[in-house]
Amino acid sequence: MIVLKTSHELELMKVACRISAEALQVAGEAVRPGVSTWEIDKIAYDYIKKQGAEPNFLNLYGFPATACISINDEVIHGIPSKKRILKEGDIVSIDLGAKINGYNGDNAATFAVGKISPEAERLCTVTKEAMFKGIEAAVAGGRIGDIGHAVQSYCEERGYGVVREYEGHGVGTKLHEEPSVPNFGTAGRGIRLLPGMTIAIEPMINEGTYKVKQMPDGWTVKTADGKLSAHFENTIAITDNGPVILTRV
C-alpha cells in the first residue's frame, strides 16, 4: 500500500531526512586514505544519536551497522570493518539513514578517497547526474516508469550498466515502503505519481555490466565483472509544485 503523506507528516519527514543528510555529510568528510570503514560508521552513528535520532539501518533485517559502506566494485551493502582500510584511489559508497518522531530518512553518495582515476570520477559524476535526472522526472501526474527511464537512458547512453536487482523505494514510517522505484523502465508506464508520495531515488550504476553477485557474507553485493560501481540516493517528496529533495543539508 502506498501511503500519501499529509503536510504535517512531510514536516516530520524533513527532520529525519535532514539528520540523514547531515550524517552522510560528516561520514563523507571522514573519507581519506588510512581510515577504516568502521571508523566512518562510528562517526555516522555518533552524529545520528547526538541529534536524538536512531540509525535506521542498524539491525534492520539483521544488518550489523549504521551505514552500508561499499568500496570500488562493491555495489551496495558493504559491512563496515576495522580491517577495511581506505586507500588512495578508492571510491567508497556510503548509504545510511536516520529515524526520529516515527519517520525515516535515507540517502547515499559515493566519495573519492584522495585522487581517483578519470574513469572513476566520470562514473561518479554520471551516477550523480542520473539521480537528478530521475528526480526531475518525478512529477505529479507522471508514472514510476518515467523515473527509471530517465536514469537508464542517461547512463546507458554513456556506456554504463544499470543495476536491475536493487532499486529505490517508498520511505515513511518504514524505511522501505511501497512503491518500488526501479532505475530502469519505460516512460509512461507504471503507477501514477501523486502529491504526498515520498520515495528514495537511488541509481546504482556499474562501469561495466549491470549484472551483480552476492558475496558469502550474505550482504555485500559486487559487480559481476569486478569493475567499479557508484551509488547516489536522495529521499524526495512528490508535490504539486514539483519534486522536493528532503535529504538536503
Side-chain angles (χ1 to χ4, degrees), residues 3 5-71 74 76-86 90-114 124 128 131 135 168-177 198-202 219-220 230-237 244-249:
V3 179
K5 278 67 173 186
T6 65
S7 58
H8 174 66
E9 289 174 314
L10 286 175
E11 289 303 313
L12 293 174
M13 279 202 65
K14 285 179 183 178
V15 178
C17 287
R18 175 184 56 78
I19 294 170
S20 300
E22 290 170 351
L24 181 62
Q25 182 182 51
V26 298
E29 288 169 353
V31 169
R32 61 184 182 276
V35 172
S36 73
T37 56
W38 180 90
E39 291 174 271
I40 295 170
D41 186 76
K42 180 71 163 53
I43 288 167
Y45 174 86
D46 289 344
Y47 185 85
I48 292 169
K49 295 291 286 187
K50 186 178 179 180
Q51 305 308 307
E54 295 297 325
N56 52 16
F57 283 29
L58 183 60
N59 299 319
L60 181 70
Y61 315 126
F63 188 74
T66 291
C68 300
I69 305 181
S70 309
I71 304 171
E74 296 173 352
I76 49 172
H77 301 163
I79 300 173
S81 168
K82 292 180 179 180
K83 297 179 180 178
R84 299 296 309 278
I85 308 299
L86 301 182
D90 287 341
I91 59 173
V92 56
S93 299
I94 303 175
D95 186 2
L96 57 78
K99 184 173 186 177
I100 190 169
N101 299 322
Y103 286 86
N104 289 277
D106 188 7
N107 54 183
T110 301
F111 299 91
V113 183
C124 293
K128 187 175 184 178
M131 176 187 66
I135 292 170
H169 51 89
V171 183
T173 56
K174 296 179 180 178
L175 180 59
H176 296 128
E177 296 184 348
T198 46
I199 58 176
I201 296 177
E202 53 173 321
W219 283 105
T220 309
H231 180 199
F232 283 85
E233 174 186 23
N234 271 309
T235 299
I236 72 162
V244 173
I245 298 175
L246 301 177
T247 40
R248 278 196 188 279
V249 175

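Values below: all heavy atoms of this structure, side chains included; hydrogens, waters and symmetry mates excluded.
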- Minimum-distance pair of heavy atoms, taken over all atoms of Val35 and Ala30: CG2-O, 3.7 Å
- Query: Do Pro33 and Leu86 come within less than 4.5 Å of each other through their side chains, counting heavy atoms only?
  - Reply: no
- Within residues 100-112 or reaching into it, pairs that qualify as salt bridge (Lys or Arg N to Asp or Glu O under 4.0 Å) - sequence neighbours excluded: none
- Leu58 side chain reached by Phe63 side chain, heavy atoms, under 4.5 Å: no
- What pair of heavy atoms forms the shortest contact from Ile94 to Ala67, and how long is it? CG2-CB, 4.1 Å
- Message: Using modelled atom types and a 3.5 Å cut-off, is there a donor and acceptor pairing between side-chain atoms of Asn56 and backbone atoms of Gly105?
- Response: yes
- Query: What pairs meet the ring-ring contact (aromatic ring centres under 6.0 Å, His included) rule with one or both residues in residues 40-62, with sequence neighbours excluded?
  - Reply: Tyr61-His176
- Enumerate the residue pairs fulfilling salt bridge (Lys or Arg N to Asp or Glu O under 4.0 Å) with a member in residues 16-27, sequence neighbours excluded, ordered by first and then second residue. Arg18-Glu22
- Message: Tell me whether Asn107 contacts the main-chain N or O of Leu96 through its side chain, where contact means a donor paired with an acceptor under 3.5 Å.
- Response: yes
- Would you say the side-chain atoms of Thr247 pair up with the backbone N or O of Asn234, donor to acceptor, closer than 3.5 Å? no
- Task: Could you give me the CA-CA distance, side-chain angles and deciding distance for Gln51 and Ile100, then say whether side-chain contact (heavy atoms from CB on, under 4.5 Å) is met?
- Result: CA-CA 9 Å; Gln51 305 308 307; Ile100 190 169; 5.9 Å; no
- Can you name the nearest heavy-atom pair linking Ser70 to Gly78, along with the distance? OG-N, 3.1 Å
- Note on the structure: When every non-hydrogen atom of Ser36 is compared with those of Ser81, the smallest separation belongs to CB-O, 3.7 Å
- Measure the OG1-CD1 distance between Thr66 and Ile40 for me, rounded to the nearest 0.5 Å. 12.5 Å
- Query: About how many Å separate CH2 of Trp219 and CD1 of Ile76, when rounded to the nearest 0.5 Å?
  - Reply: 10.0 Å
- Residues that Lys5 engages under salt bridge (Lys or Arg N to Asp or Glu O under 4.0 Å), provided they are two or more places apart: Glu177
- Mind checking the OG-CD spacing from Ser7 to Glu11? Nearest 0.5 Å is all I need. 7.0 Å
- Query: Side chains of His169 and Glu202: does their closest heavy-atom pair fall under 4.5 Å?
  - Reply: yes
- Task: Looking only at non-hydrogen atoms, find the nearest pair between Ile48 and Ala98 and report the distance.
- Result: CG2-CB, 3.9 Å
- Test item: Phe111 and Leu24 side chains (from C-beta on) under 4.5 Å apart, heavy atoms: yes
- Residue pairs passing the side chain to side chain donor-acceptor pair (under 3.5 Å) test where at least one lies in residues 92-102, sequence neighbours excluded: Ser93-Thr110
- Note on the structure: Checking Thr37, Ile79, Val31 against Ile69 for side-chain contact (heavy atoms from CB on, under 4.5 Å), the one that qualifies is Thr37
- Message: For the CG atom of Leu60 and the CG atom of Leu175, what is their distance to the nearest 0.5 Å?
- Response: 6.0 Å
- Query: Shortest non-hydrogen contact from Val249 to Gln25?
  - Reply: CG1-OE1, 3.6 Å
- Could you point out which residue of Thr235, Ile236, Val171 forms a side-chain contact (heavy atoms from CB on, under 4.5 Å) with Cys17? Thr235
- Which pairs, with at least one residue in residues 44-70 and sequence neighbours excluded, count as a salt bridge (Lys or Arg N to Asp or Glu O under 4.0 Å)? Lys42-Asp46, Lys49-Glu54
- Euclidean distance, Thr6 OG1 relative to Leu12 CG, rounded to 0.5 Å: 8.0 Å
